Protein chains: 2
Amino acid sequence: MGIIRKTPSIEVLLTEFTRNGTAISAIELVKRLDGKLNKTTVYRVLDKLEDDGILHSFLDKKGIKWYAKCNSCTHDKHFDSHPHFQCLNCGKVDCVTVDVSIPKIPNREIVISQILIQGTCENCIN
Amino acid sequence: MGIIRKTPSIEVLLTEFTRNGTAISAIELVKRLDGKLNKTTVYRVLDKLEDDGILHSFLDKKGIKWYAKCNSCTHDKHFDSHPHFQCLNCGKVDCVTVDVSIPKIPNREIVISQILIQGTCENCIN
DNA sequence: AAATTTATTGCAATTAAGTTGCATTAACAA
DNA sequence: TTGTTAATGCAACTTAATTGCAATAAATTT
Ligand SMILES: [Mn+2]
Ligand SMILES: [Mn+2]
Ligand SMILES: [Zn+2]
Ligand SMILES: [Zn+2]
């Protein structure tokens with residue numbers, strides 16, 4: 001079940017994502033909004049925004065949950081299946097638009113695949 | 001630091017991996033060896049076996065840690081970078097030998113990439 | 001505008017995978 | 001056989017995330 005009522009919490013969280021385009025981890029948002037929004041609220045609103053196709057989520061190498069804006073998803077058509085890039089130096093994570101083709105595997109039906117690329121980001125490369 | 005002394009714990013854990021070729025999650029091993037090996041021991045031995053290039057690890061979609069036998073890794077040359085396939089029906093996870101090429105990303109240096117493919121496995125496809 | 005409904009929130013407690021500290025045990029070299 | 005210290009078991013801890021529940025507040029109805 002997604003969002004039904006427009007509340008300040010939703011506004012506050014969405015603002016964080018429009019500020020800049022990079023992904024933000026759930027814990028980071030909890031810290032960043034401490035005193036403003038309760039931890040539970042943060043997790044619950046993020047979950048609903050994902051349900052509605054406004055955000056998409058993924059786990060980084062440590063199993064930490066990250067969220068980022070969807071491009072053109074809806075509740076029915078939730079299709080943000082692209083790689084994510086995490087900088088090993090500064091920790092920044094963002095969505096990558098490159099297309100990675102997963103070859104067919106014999107006797108297996110592929111439904112979805114997630115790709116986490118790690119390396120040095122554009123700010124840390126020099 | 002890897003394994004220094006040959007102990008029954010190491011033997012017991014390695015046996016689980018030689019039984020069949022699929023990956024096994026750490027929690028599954030803790031459960032499976034309950035009463036035989038302590039939880040902490042399981043985690044610690046797995047960690048050491050990975051250090052030595054005997055096992056490699058990765059996280060599934062829920063952030064759960066899985067381990068599988070390495071093919072030809074050593075302590076120095078630890079290079080098991082291949083996709084993993086998790087069945088959405090039965091939960092089984094195994095290593096996949098297909099080669100997925102990650103295209104270069106502008107201004108970013110790729111160090112490593114991990115690919116988790118999800119779908120229906122060869123046992124569950126019918 | 002007031003009353004009603006119920007989605008949303010905050011708070012405290014809980015869960016669960018994984019880790020740490022420390023005393024005890026045992027591999028193995030001397 | 002003895003001494004060194006790696007490995008183990010146990011309890012306590014850590015931490016991201018979840019749950020139950022009472023209080024609050026959107027939004028719909030009267
Ligand atoms: Mn993304
Ligand atoms: Mn593997
Ligand atoms: Zn960076
Ligand atoms: Zn299966």
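Numbered from 1 within each chain, the chains take letters A, B, ... in sequence-line order. It should be emphasised that the depicted structure is a prediction, and the values quoted were computed from it without experimental measurement.
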Specify the residues of residues 40-54 of chain A, ordered by number, for which at least one heavy atom lies under 4.0 angstrom from an atom of DNA chain D.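 Output list: Thr40(A), Tyr43(A), Arg44(A).
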
In whole angstrom, give the distance that lies between atom [atom1] of [X] and atom [atom2] of [N].
{"X": "Leu13(B)", "N": "dG9(D)", "atom1": "CG", "atom2": "P", "value": "11 Å"}
{"X": "Lys62(B)", "N": "dT15(D)", "atom1": "NZ", "atom2": "C1'", "value": "19 Å"}
{"X": "Lys65(A)", "N": "dA17(C)", "atom1": "NZ", "atom2": "P", "value": "16 Å"}
{"X": "Arg5(A)", "N": "dT4(C)", "atom1": "CZ", "atom2": "C1'", "value": "11 Å"}
{"X": "Ile4(B)", "N": "dT4(D)", "atom1": "CD1", "atom2": "P", "value": "17 Å"}
{"X": "Ile3(B)", "N": "dC28(C)", "atom1": "CD1", "atom2": "P", "value": "12 Å"}
{"X": "Trp66(A)", "N": "dA16(D)", "atom1": "CH2", "atom2": "C1'", "value": "14 Å"}
{"X": "Leu59(A)", "N": "dA17(D)", "atom1": "CG", "atom2": "C1'", "value": "12 Å"}

Is there a side-chain contact between Asp60(A) and Ser25(A) in this structure, where contact means two heavy atoms from C-beta onward sitting under 4.5 Å apart?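 No, side chains not in contact.
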
Side-chain heavy-atom pair Phe85(A), Ile105(B) within 4.5 angstrom cut-off: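 A side-chain contact exists here, since the closest heavy-atom pair is under 4.5 Å.
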
Say whether Gln114(B) and Gln114(A), considering side chains only, have a donor N or O and an acceptor N or O under 3.5 Å apart.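 Gln114(B) vs Gln114(A): no donor-acceptor pair found between side chains.
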
Atom CD1 of Ile24(A) and atom OG1 of Thr22(A): how far apart are they, to the nearest 0.5 Å?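 Rounded to the nearest 0.5 Å, the CD1-OG1 separation comes to 6.0 Å.
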
Gap between atom CD1 of Ile54(B) and atom NZ of Lys69(B) - 0.5 Å precision: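 Reported to 0.5 Å precision, the distance equals 9.5 Å.
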
Where the side chain of Lys39(B) is defined as all heavy atoms beyond and including C-beta, which of dA27(C), dA7(C), dG18(C) is the nearest nucleotide?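 The answer is dG18(C).
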
Please tell me which of the listed nucleotides, dA26(D), dA27(C), dA6(D), lies nearest to the side chain of Pro8(B)?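 Given the options dA26(D), dA27(C), dA6(D), the side chain of Pro8(B) is closest to dA27(C).
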
Need to verify one output field. Residue with the more 5' nearest nucleotide on DNA chain C, Gly2(A) or Lys6(B)?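 First, find each residue's nearest nucleotide; the 5'-ward one identifies Gly2(A).
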
With Glu109(A) via side chain to side chain donor-acceptor pair (under 3.5 Å) - residues at least two apart: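 So Glu109(A) forms no side chain to side chain donor-acceptor pair (under 3.5 Å) with any residue.
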
How are the rings of His56(A) and His82(A) set relative to one another: parallel (under 30°), tilted (30 to 60°) or perpendicular (over 60°)?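 Judged by the thresholds at 30° and 60°, the geometry between His56(A) and His82(A) is perpendicular.
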
Can you tell whether the side chains of Asp94(B) and Arg108(A) come within less than 4.0 Å, N to carboxylate O?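 Yes.
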
I'd like to know if Arg19(A) pairs up with Glu16(A) as an ion pair, taking the criterion as any Lys NZ or Arg NE/NH1/NH2 lying under 4.0 Å from an Asp or Glu carboxylate oxygen.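 The answer is yes: the pair qualifies as a salt bridge.
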
Residue-phosphate contact under 4.0 Å: Thr7(A) side-chain N/O, dT9(C) OP1/OP2: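 Result: yes.
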
For DNA chain C, which residues in residues 23-38 of chain A have a heavy atom at a distance below 4.0 Å?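 Heavy-atom contacts with DNA chain C come from Lys36(A), Asn38(A).
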
